[in-house]
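The structure under discussion appears below in the form of structure tokens.
Treat the numbers as computed from the prediction; the structure is a model and nothing was measured.
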Amino acid sequence: MNGFEIYKKMDDDAQAVHRSRLLTEILLSLNEESRKLSQLCEITGSTSQALIPKLRRLEADHLIETKEREYFLTPAGKIVASGIADSFVIFWAINKFKHFWLRHYLEEIPSPLLKEIGCLHESEILKDRGMKILNVYNNQLEMIKEADHIYGISSVVTEGYADSISERVKEGIPVELIVSLHVAEELKRSPYVKKLATLKGYKNFKLMLMNEDIKVGLIVTDKRLSLNLYKKRRY
């Protein structure tokens with residue numbers, strides 16, 4: 001069954017968690033730590049008379065339990081509360097950067113990583129209004145220069161990039177790269193083919209081919225991460 005079919009088959013008790021503000025707020029607050037009734041009242045801004053029926057309902061559903069006048073999530077409750085928290089964090093990250101997402105290709109980001117996009121909810125988009133188009137490129141070269149290990153996905157290639165990678169490999173730094181189809185074709189030509197030939201004997205260097213053109217660039221080091229997305233064309 002898909003998600004919609006599962007939702008339609010859920011009983012009212014399960015659906016109520018998503019419809020009730022208080023039920024959701026109780027689960028989310030207990031997902032952080034155990035709480036007393038007075039603390040839940042303060043967090044939710046509700047009275048004990050309003051909260052107690054909701055707490056009893058969650059207890060009946062075996063999502064929470066009480067111990068020494070404190071409310072805890074059960075193991076099942078932790079799973080439910082974590083799922084709810086993740087869904088809100090994802091929605092927040094999507095909504096916060098909606099104009100950025102609309103202008104860039106997300107389709108090329110692997111599905112498992114897209115599911116973790118909520119991790120960006122506290123991030124900021126830095127905008128440069130000046131004519132400093134090479135800043136991103138220069139920052140990436142600096143990342144490579146200071147890294148103790150390098151993993152990347154490359155959909156473009158330049159001599160400066162190739163030289164920086166080659167230098168780090170020869171210094172003994174582990175480097176693993178995935179290149180797109182058109183980059184692989186470019187690497188067969190001068191001057192890149194000679195640069196690659198000098199790295200054949202280095203066991204700390206791995207170059208892998210993705211048999212398609214990808215619209216994403218990624219560099220991950222022990223210190224920093226750089227993600228580059230292609231802009232969508234305007235018609």
Please lay out, stage by stage, how Glu142 and Arg224 fare under the test salt bridge (Lys or Arg N to Asp or Glu O under 4.0 Å). CA-CA 10 Å; Glu142 187 65 27; Arg224 298 164 65 183; 6.0 Å; no
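- Around the CD atom of Glu68, the shell of radius 6.0 Å holds no more than 12 heavy atoms that belong to other residues, nucleotides or ligands.
- Taking CG of Leu37 as the reference point, atom OG1 of Thr66 lies at 11.0 Å (rounded to 0.5 Å).
- No more than 12 heavy atoms of other residues, nucleotides or ligands shown are found within 6.0 angstrom of NE2 on His62.
- No side-chain heavy atom of Val175 sits less than 4.5 Å from a side-chain heavy atom of Asn204.
- Note that OG of Ser155 and CD1 of Ile178 are 12.0 Å apart. Values are rounded to the nearest 0.5 Å.
- When the side chains of ILVMFWY residues are joined at heavy-atom separations under 4.5 Å, either directly or via intervening members, Val216 and Leu102 end up in two distinct hydrophobic clusters.
- The environment of Lys223 atom NZ is dense: over 12 non-hydrogen atoms of other residues, nucleotides or ligands sit within 6.0 angstrom.
- In plain terms, the two heavy atoms of Phe100 and Leu229 that are nearest each other are CE2-CD1, 4.0 Å.
- Ile43 is not connected to Leu23 by any chain of hydrophobic side-chain contacts under 4.5 Å among Ile, Leu, Val, Met, Phe, Trp and Tyr, and they are in different clusters.
- Across all non-hydrogen atoms, the minimal contact from Ala93 to Trp101 is O-NE1, 3.3 Å.
- Placement of Ile84 and Leu51 within a single hydrophobic cluster is found when ILVMFWY residues are connected by side-chain heavy-atom separations under 4.5 Å, directly or transitively.
- Atom-to-atom distance recorded for Tyr151:OH and Leu225:CG is 13.5 Å, nearest 0.5 angstrom.
- Salt-bridge check for Arg56 with Glu59: failed, with every basic side-chain N at 4.0 Å or more from each acidic carboxylate O.
- The one candidate from Lys195, Lys145, Lys170, Lys194 that meets the salt bridge (Lys or Arg N to Asp or Glu O under 4.0 Å) condition with Asp163 is Lys195.
- With rounding to the nearest 0.5 Å, the separation of CD1 in Ile90 from CG in Leu120 is 10.5 Å.
- Counting non-hydrogen atoms of neighbouring residues, nucleotides and ligands closer than 6.0 angstrom, the CZ atom of Phe91 reaches no more than 12 such neighbours.
- Side-chain heavy atoms closer than 4.5 Å link hydrophobic residues (I, L, V, M, F, W, Y) into clusters, and following such links, even through other members, never connects Leu27 to Val89.
- Contact annotation: the side chain of Phe205 approaches that of Ile165 to within less than 4.5 Å [non-hydrogen atoms, C-beta and beyond].
- Inter-residue side-chain proximity for Lys200 and Leu196 is flagged as unmet; no heavy-atom pair is nearer than 4.5 Å.
- Annotation: Lys96, atom NZ; neighbour count of heavy atoms from other residues, nucleotides and ligands within 6.0 Å is above 12.
- In this structure, CD on Glu107 lies 9.0 Å from CG on Leu114, to the nearest 0.5 angstrom.
- Summarising the geometry, atom CD belonging to Glu70 is positioned 10.0 Å from atom CG belonging to Leu40; distances are rounded to the nearest 0.5 Å.
- A side-chain N or O of Ser226 and one of Gln140 form a donor-acceptor pair less than 3.5 Å apart.
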Exercise. Show the numbers, then the answer: is there a salt bridge (Lys or Arg N to Asp or Glu O under 4.0 Å) between Glu185 and Lys188?
Key: CA-CA 5 Å; Glu185 292 299 319; Lys188 296 177 182 178; 3.3 Å; yes
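- Side-chain atoms of Ser29 come within 3.5 Å of backbone atoms of Glu25 as a donor-acceptor pair (strictly under, hydrogens ignored).
- Residues Ile150 and Ala147 share a closest heavy-atom pair of CG1-CB, 3.6 Å.
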